[in-house]
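Everything below concerns the one structure shown next.
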Amino acid sequence: MPLFILKRLRDSVIALVLATVLVFLGVRALPGDIATAMAGEEGSPEQLAAIRDRFGLDEPVYVQYFHWISNMARGDMGASIRTGQPVSDLLSTALPATAELAVLSLVLALLIGIPLGAMAAVRRGRAVDHVSNGFSLVGLSIPNFWFGLVLILILSIGLGWLPSSGYRSFAEDPGANLLRMVMPAMVLGIGVAAVLARQMQASMIESLSTDYVRTARAKGLREPSVIVGHALRNSLITAVTIIGLQLGALISGAAVTEKIFVIPGLGKLAVDSVFQRDYPVIQGVVLVSAAGYIIVNFAVDALYSVLNPRIRVAGGAR
Amino acid sequence: MTTILEADRLSVSFAGERGRIQAVEELSFSIAESEVLALVGESGCGKSVTALSILGLLTSSATTSGSVTLGDVDLFSLPPREIADIRGKQVSMIFQEPMTSLNPVLTVTRQISEVLRRHEGLSRAGARTRAVELLELVGIPDAGQRGEEYPHQMSGGMRQRVMIAMAIACSPELILADEPTTALDVTVQASVLDTLRGLRDRLGTSILLITHDLGVVADIADRVIVMYAGRQVEEAPVEQLFDRPQHPYTNGLLGAVPDPDQEVRSGEAERRLREIPGRVPVRLGPATSCVFADRCPRVTGECRSSMPPLTSVGNGHRVACFRPGTDVFEEGR
Amino acid sequence: MTGIAGVPAAVPAERSGRRSIVFRFLRRPRALVACVIVLLFLITAVFAPIISPFDPSVNDFNAVRQAPSATHLLGTDELGRDLLSRIIHGSRASLTAGVCAALIALVVAVPLGLVAGYYRGFADTVIGRLVDTVLAFPFLILAIGLAAVLGPSLLNATIAIGVSHVPQLIRIVRGEVLAAREEEYVAGAIASGSRDRRILFRHILPNTTNTLLVQATVVVPTAILGEAALSFLGLGVQPPTPSWGVLLSTAQSHLEQAPWLSIFPGLAVMLAALSFNMVADGLRDVLDPKGTR
Amino acid sequence: GTSEPASETAGETPVKGGELTVGLAANPDVLDPSLAAGLESREVLTHICESLYTLGSDNKPKPQLATDLPEWSKDGLKITIRLRTGVKFNDGTPFDAEAVKTSFERHMSVAGSQTAMHFDRVEKISTPDDQTVVLDLADEIAEPTTLFDYALAERQGGMIMSPAQLEKLGDKFGNEPVCVGPYKFGGYQGQDRIVIEKSDQYYDADKISIKRITYQAITDGAVRSANLRSGELDVALVDAADVDTVDSDGTLQKIDTQEFGYMGLTVNLNNADGVDKPRRTPDTAMASDPRLREAFDLAINRSALVSVGMGGKAVADCWPFSKQSPYYRNAPCPAPDIDRAKALLTEAGARTPVQVDLMTSTDSESLRLGQLIQSMTAQAGFAVKLRSVEQVTATEAARKGDFDVLLRQAALGADPNRIQPLNYSKADTNTSGNTGEEIDALLEEGMTTTDEARRVKVYQEAQDLVRERRNIIYLFHRIHQVRANPAVRGIVLQPDGLLRFAGARLTK
Amino acid sequence: MTGPVLEVTNLVKHFPAGGRGTVHAVNDVSFTIGQGEVLGLVGESGSGKSTVGRAIMRLVDPTAGSIKLLGTDITTLSRARMRPLRRQMHMVFQDPYSSLNPRIPIGEIVAEPLRQHRWGDRRQIDRRVAEVFDQCGLRTELRHRFPHELSGGQRQRVGIARALSVNPKLLIADEPTSALDVSVRAAIINLLMDLQRDLGFSCLFITHDLSAVRFIADRIAVMYVGRLVEIGAGRDIFADPKMPYTQALLSAAPLPNPRRQRRRERILLGGELPSATRLPPGCAFHTRCPIAVGECRTEQPELVSYPGGESAHAAACRLIAQDGTAPHVARGSNRPGPRTFPLSTT
Ligand SMILES: Nc1ncnc2c1ncn2[C@@H]1O[C@H](COP(=O)(O)OP(=O)(O)OP(=O)(O)O)[C@@H](O)[C@H]1O
Ligand SMILES: Nc1ncnc2c1ncn2[C@@H]1O[C@H](COP(=O)(O)OP(=O)(O)OP(=O)(O)O)[C@@H](O)[C@H]1O
Ligand SMILES: [Mg+2]
Ligand SMILES: [Mg+2]
């Protein structure tokens with residue numbers, strides 16, 4: 001493995017550990033704790049104390065962190081304080097939903113963004129260029145929760161074409177699952193599609209003006225081969241890096257989208273557990289999403305280095 | 001000798017922010033079989049644009065006029081698909097920057113095969129074999145192995161050889177070589193020039209050689225066209241041009257280059273180079289008077305009011321100047 | 001003005017450079033329209049009390065959730081307040097959040113990015129790790145966490161949004177500085193005997209301003225959207241002060257009976273974000289002519 | 001309210017079996033009778049864990065797993081509970097006195113118990129025979145406690161857990177609760193769905209029709225009602241704001257009931273430092289002068305509040321108990337009177353506008369009410385500053401005394417003594433910090449008296465004191481609105497907002 | 001003469017090559033520059049010329065060796081301690097476009113060294129700027145212009161003006177003309193020569209343009225992949241190049257004279273320039289040297305001085321005879337016969 005990948009791996013691990021510390025300190029800085037959340041306003045101090053005692057919340061933060069980390073090391077992510085369900089169970093049911101949502105919206109974004117951006121670059125100043133620009137600007141500017149509401153208003157309430165919510169897992173009922181994922185994937189995907197379209201357009205314009213594309217033309221290649229075989233090929237490699245970075249946007253977008261469409265995913269779990277101060281769950285969710293982000297970016301970097309021979313094949317004459 | 005390519009009153013202009021940039025104006029020349037025609041001039045005088053316009057490779061902001069005929073085909077009136085059939089097959093091109101002109105993500109063999117598959121209809125394997133042969137031909141050792149490398153793994157000289165291999169893949173009649181050695185070291189330059197020369201000698205390929213290096217011109221060219229600000233100011237067989245430059249600009253160019261040999265001979269006598277004061281103008285719109293007038297030591301009123309025509313001074317030597325002649329520049333900054 | 005001879009007289013020359021940029025910018029119809037819209041939004045925000053037809057927090061119990069009409073051009077909300085007036089007043093919070101968040105992000109990110117990019121080494125490593133870490137947190141979770149810790153208010157939401165843009169900006173600034181550092185003119189400055197401070201602030205920083213300006217204009221619309229999202233989750237502006245996010249969040253309960261309550265504020269957010277994005281596009285085109293979009 | 005009269009309507013055929021999907025307004029917490037704190041978990045638990053006592057349709061305790069209400073010894077130091085026979089836990093183990101004892105002991109001792117307080121005075125539990133449980137109580141009243149039968153009927157203390165399962169899971173009982181009940185726990189599906197299935201061990205199993213109930217938590221009211229309308233949900237509580245939309249379809253059946261509790265404003269009178277700290281009067285206008293509180297009260301137009309803020313789905317009232325409660329009294333609110341309010345401010349010499357900090361939670365209903373109160377009181381000369389913080393933060397602030405006035409929904413029960421923690425000077429949940437020997441005495445008496453008539457009188461007197469002090473300003477009782485698939489019959493909606501499906505069935 | 005202005009001894013500079021080992025950019029380079037002397041440094045691209053220049057300027061930190069400026073060892077001085085010494089040397093860069101900050105008016109660019117070294121008060125600095133502008137052939141009115149408003153030649157004049165503003169003892173010119181057009185190049189070379197003659201500073205003139213270096217330099221040093229392979233008076237190097245590489249280099253530079261160029265015999269080099277990350281053992285040139293012998297492949301030749309010529313002429317090649325007779329390298333005709341282009345298929 002090239003050295004830089006190892007370095008990248010090391011950096012990722014450090015970032016992950018720092019992330020856990022940050023979460024740990026962060027959630028404990030929130031006003032009120034799970035005891036307050038559970039016992040409510042009428043909870044007596046004894047009840048609160050009983051709860052805190054039960055979950056070891058009175059110990060110093062670093063002790064709690066140590067417990068948590070050492071349990072984590074043993075594969076035990078703890079249990080939700082509120083419901084007692086193991087965090088790993090919660091995550092393993094939430095993760096597929098979010099992953100599916102993310103994958104679907106990413107696929108949607110790729111299907112829209114890449115061809116649109118590429119075509120806009122090839123046909124500069126023509127209709128598709130304007131369409132692409134319009135689309136990407138709107139995509140960047142549309143508040144996704146609002147877009148979600150409008151979609152529900154039109155497609156569910158107005159036309160009654162799509163169910164507005166009620167998640168079904170794919171395993172349970174693939175048809176129902178996909179039907180219910182259409183709108184969330186659209187909502188989440190549009191922003192990414194916009195970014196991709198812009199990026200793709202920019203890098204295609206750049207590729208198209210490179211010397212090697214000119215060389216390809218000078219070789220007598222037909223225009224489609226020049227565009228697909230040379231320009232697009234290189235632009236797609238840059239698009240790969242964007243996808244990794246967009247994952248962060250996807251995850252945070254998922255929080256809102258999942259809330260609107262009632263998808264029991266990581267985002268909803270995160271927001272709900274923050275509001276309920278369910279520490280083990282918050283920690284688990286943030287850890288998983290940070291790890292996901294870090295892993296995907298790492299994978300993207302690795303993929304990039306595989307796709308890009310300038311990195312893959314080290315060495316050379318100079 | 002048969003004429004391979006003929007350009008007649010070739011003009012190219014670009015739509016710019018402040019008006020039309022006149023890059024090339026009324027350029028007429030012809031290239032004969034196995035002739036090396038050099039196009040010299042300073043940066044921005046329109047050399048590359050000329051070459052690109054021949055193959056229709058200019059950006060869409062360019063407007064071309066005049067005509068370029070290859071054999072008896074008028075290239076400018078061909079539909080794009082047919083021009084593509086000519087590119088790389090009858091006329092091919094070598095670019096100045098061998099690093100950026102090769103696709104960084106494709107192997108070298110693959111890039112050469114592409115031409116062969118396109119024009120010669122070879123199979124994938126056949127094209128590959130031939131590509132390796134071509135690499136050997138241009139002097140790349142271990143061609144089979146090195147052909148599987150990516151451009152960034154090769155040195156500048158090797159990349160330029162790859163470009164050449166690509167250009168000669170379909171045995172073109174004409175190669176447009178746009179500053180093929182500018183990015184290279186002198187030792188490498190020498191062998192690349194050797195390779196080009198070999199091509200011409202063995203295959204009878206004609207070469208339009210674009211350069212600003214008078215040493216390269218002296219080394220390989222048969223005939224030279226000197227361009228200034230998009231216009232042809234002088235044209236002559238190579239020895240004649242160096243011996244008896246007629247246009248003041250050509251005089252200036254030759255005077256600006258130190259000649260080590262000459263210096264060794266003349267000793268410390270005069271440790272100064274000749275300068276051409278002023279700078280190359282960016283021209284908007286067609287010229288109505290001599291484009292060199294502002295920098296010319298021999299300028300007269302006539303130069304500023306009318307355009308000197310390209311007139312023959314014998315022996316295929318033509319010059320666009322009202323007061324041609326070989327002379328020495330005046331000193332001073 | 002740095003007080004060096006030559007600089008005052010340099011102003012006309014500099015201005016001519018700027019003027020040509022302004023000129024080029026103004027020649028782009030889309031950017032121009034966007035600029036006008038942004039200006040209109042800013043004017044609306046500043047003169048909200050004068051412009052708005054009603055007091056945005058006065059209820060008319062007899063006109064609750066009324067559809068758009070001649071009196072209430074955009075209708076009324078669930079408490080009988082004039083929606084148009086609320087949108088007009090809401091622009092204050094939203095634009096403040098947008099612009100201030102961008103400023104906060106810049107103020108925090110620029111020095112860190114400068115230090116990381118210029119000095120590299122330990123500082124770079126530490127800053128880099130932190131950036132990686134914070135980037136790994138989804139933006140919204142980070143903002144929610146911060147807003148919850150700091151307590152809900154426009155200021156805190158703005159801080160949260162600003163801070164959550166910091167890592168990405170640090171990366172950009174650092175990248176720019178790294179690139180600028182390798183420029184030969186920096187070597188020239190070192191060779192001239194200039195101190196680090198001068199090199200950083202006179203040579204490197206000004207050469208990153210184009211990117212920073214464009215980035216700042218990109219942060220504004222995301223911050224407007226971020227404010228809306230936070231207010232939507234109840235972590236933003238406090239009622240009755242309207243903000244577009246607040247309007248949208250309350251409108252959600254009346255999506256069906258009173259769709260105008262969601263549609264108009266949503267359009268306002270979108271239009272504002274859109275015009276800022278278009279200004280950013282225009283700036284990018286003009287400031288970086290070789291940049292492709 | 002109930003969905004339909006029990007008798008069959010002509011032309012409808014009952015269907016045996018079937019499934020229901022029920023919408024919940026929040027995620028239930030742990031499904032452990034001793035540990036659960038939320039309303040939603042109780043709603044689920046009531047179906048899988050029957051209690052010794054439950055509330056009857058008159059909202060008074062009645063036996064469920066017991067055969068009778070608890071028998072008190074003359075000296076009030078011994079309670080005897082007699083149990084049903086032939087009852088089995090859902091795991092097939094027998095339900096007997098020993099099991100009740102085990103459960104009680106767990107309620108009393110498990111860490112974090114939410115039910116331990118009901119057993120405060122219990123000193124000893126004995127089981128003279130399989131069907132009898134005897135509790136010996138301590139003599140001195142260390143802590144006021146609510147009456148046993150109400151407490152066990154309304155809270156989870158009366159729920160009896162399977163000793164075998166307790167043995168197996170210990171404090172993880174909530175992961176797979178097993179009790180006596182018409183339904184048994186069927187597992188979680190994802191984060192937000194809980195399934196319960198009809199139990200064949202249940203003693204009245206043949207009266208249970210619905211086979212399977214899925215509870216799905218949807219916190220957002222609009223989304224919940226959208227799901228209801230689209231048929232994704234069969235039954236759900238509908239937010240006041242959404243009721244009209246839902247009803248506009250005209251297809252769903254309506255089930256309404258007034259809540260036990262109230263929506264009101266809690267004024268911080270003596271809770272400057274926190275409920276567990278010594279009482280101190282905060283430095284606020286509202287705490288300083290009862291006339292200001294009266295003016296504030298007079299400025300609020302409750303009927304407008306209800307019609308605009310609650311879409312009319314509430315009953316304006318100035319009494320903590322609603323009509324559902326035997327302790328209800330028709331106590332008319334003062335008519336809104338801005339002039340009088342202004343006069344009171346002048347009289348009190350207050351500098352107008354009087355600054356008031358009103359804390360609410362962030363849900364849209366609270367925000368709406370907060371803004372209405374803000375604009376109503378502004379006319380009288382109050383400048384209300386809204387502070388909307390999410391629920392946990394609000395609760396924490398209330399406990400710490402970090403508020404002026406708090407808009408809160410108080411979920412009272414059938415037992416009138418539920419107002420005690422809010423007003424008793426020694427209670428450490430008394431967030432307004434109300435003190436007073438007179439009210440303390442009344443509340444103590446209410447707790448120890450079993451005589452119904454006497455209790456009514458005691459609590460009315462206590463309430464009059466609260467009304468006068470205005471440490472709590474009552475606003476209204478909400479009307480719980482449940483909408484359900486018309487094919488479902490026999491759903492019971494209790495005033496505490498809980499739905500019972502034991503008697504429910506589907507019709508074609 | 002009071003000792004050399006610059007003394008470089010055993011200079012080594014290695015760069016980390018991003019996890020792929022080390023770039024041996026400069027290996028063991030030693031030379032001196034006397035007062036008022038111009039030393040031309042030539043070599044192919046990547047041979048380490050700029051790195052030598054930058055190391056002397058302390059723009060990169062040398063890996064080993066020592067650099068003495070006017071007798072002071074500056075090899076390891078801190079950035080702060082280095083600052084005052086920068087008055088004694090300055091640099092002209094290769095690229096007149098990137099070496100001037102596009103956001104600073106050129107008057108200020110030229111004044112920067114003056115201000116940093118506290119040349120005097122504002123008026124004095126102004127006067128000095130006007131003076132160097134004049135010396136460098138720039139009209140004073142141009143001082144408020146920004147670099148992008150000037151032509152390439154004018155910019156390079158600004159670079160020279162900046163470098164000379166504080167009257168340094170040493171000027172390092174790193175290929176100052178390679179980015180310029182032929183006609184402008186002549187003007188800049190003339191300018192540098194005039195200034196050098198008038199002001200008498202010492203100069204390290206880095207270039208790959210052999211014709212120019214002969215023109216301007218007193219002595220010439222030739223580098224090959226990081227090593228100094230030959231150094232001597234310009235006349236000697238041109239007349240009697242000792243090292244085979246120098247011979248090849250000189251023979252490869254085309255003459256701007258078709259008759260003579262076509263009659264010339266050239267040393268044809270095969271092979272490739274070795275990579276600075278993977279230096280071959282022995283003489284770095286052996287991979288391309290037509291006359292390399294066994295020990296060239298294993299042993300590193302020392303730089304040895306040979307008698308004769310104007311000043312010390314040193315070269316690093318085992319094949320140079322004891323008396324300094326250069327080895328003979330076979331030359332090919334410039335008009336290659338059919339042999340150089342073996343054609344198999346057509
Ligand atoms: N795409 C274009 N758009 C606008 N102007 C152009 C374009 N391409 C070339 N030009 C202009 O045309 C003129 C001639 O350019 P050209 O590239 O032919 O010069 P050149 O002689 O090849 O110079 P160099 O030696 O630098 O390669 C220049 O002034 C250039 O600015
Ligand atoms: N900052 C750097 N980091 C890594 N390698 C470097 C760096 N600077 C130079 N090098 C490497 O050191 C070697 C010598 O470079 P240098 O720039 O000194 O050569 P040069 O002789 O000036 O070449 P040119 O004629 O192309 O300017 C090259 O292999 C180059 O890639
Ligand atoms: Mg060119
Ligand atoms: Mg260099």
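The sequence lines fix the lettering, A, B, ..., with proteins before strands; numbering per chain opens at 1.
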| Heavy-atom pair count under 4.5 Å with chain B, highest-scoring of A:A218, A:A216, A:G229 | A:A218

| field | Contacting region of B:M163 [heavy-atom separation from chain A under 4.5 Å] | value | side chain

| When rounded to the nearest 0.5 angstrom, what is the spacing between CG in B:L27 and OG in B:S11? | 8.0 Å

| request: For each of B:V91, B:I94, B:T107, B:L52, tally heavy-atom pairs with chain A at distances under 4.5 Å, and name the one with the top tally. | output: B:L52

| message | Looking at B:R200 and B:E35, is any side-chain nitrogen of the basic one under 4.0 Å from a carboxylate oxygen of the acidic one? | response | no

| With side chains defined as the heavy atoms from C-beta onward, is the minimum distance between A:I263 and A:M181 less than 4.5 Å? | yes

| query | What are the two closest non-hydrogen atoms of B:P151 and B:P104, and how far apart are they? | reply | CD-O, 4.1 Å

| Between CE of B:M158 and CG of B:L135, what distance do you get to the nearest 0.5 Å? | 9.0 Å

| remark: Most heavy-atom pairs under 4.5 Å with chain A, out of B:H119, B:M166, B:M93, B:E114, belong to B:E114

| query | Within residues 56-90 of chain B, which positions have a heavy-atom distance to chain A below 4.5 Å? | reply | B:L57, B:R81, B:A84, B:D85, B:R87, B:G88

| Taking NZ, NE, NH1 and NH2 as the nitrogens, is one of them in B:R130 or B:E133 under 4.0 Å from a carboxylate oxygen of the other? | yes

| salt bridge (charged side-chain N to carboxylate O under 4.0 Å, His left out) evaluation trace for A:R126 with A:D129 | CA-CA 5 Å; A:R126 311 272 192 79; A:D129 190 8; over 6 Å; no

| task | Could you tell me which non-hydrogen atom of A:N144 sits nearest to which non-hydrogen atom of A:V187, and how far apart they are? | result | O-CG1, 3.2 Å

| remark: Okay, B:Q111 and chain A: the region with an atom under 4.5 Å from a heavy atom over there is both

| Which residue out of B:L176, B:L106, B:N103 racks up the most heavy-atom pairs below 4.5 Å with chain A? | B:N103

| remark: Looking only at heavy atoms, the pair that brings B:G156 and B:P98 closest together is O-CG, 3.9 Å

| remark: Whatever's closer than 4.5 Å to a heavy atom in chain B on A:R222 counts as both

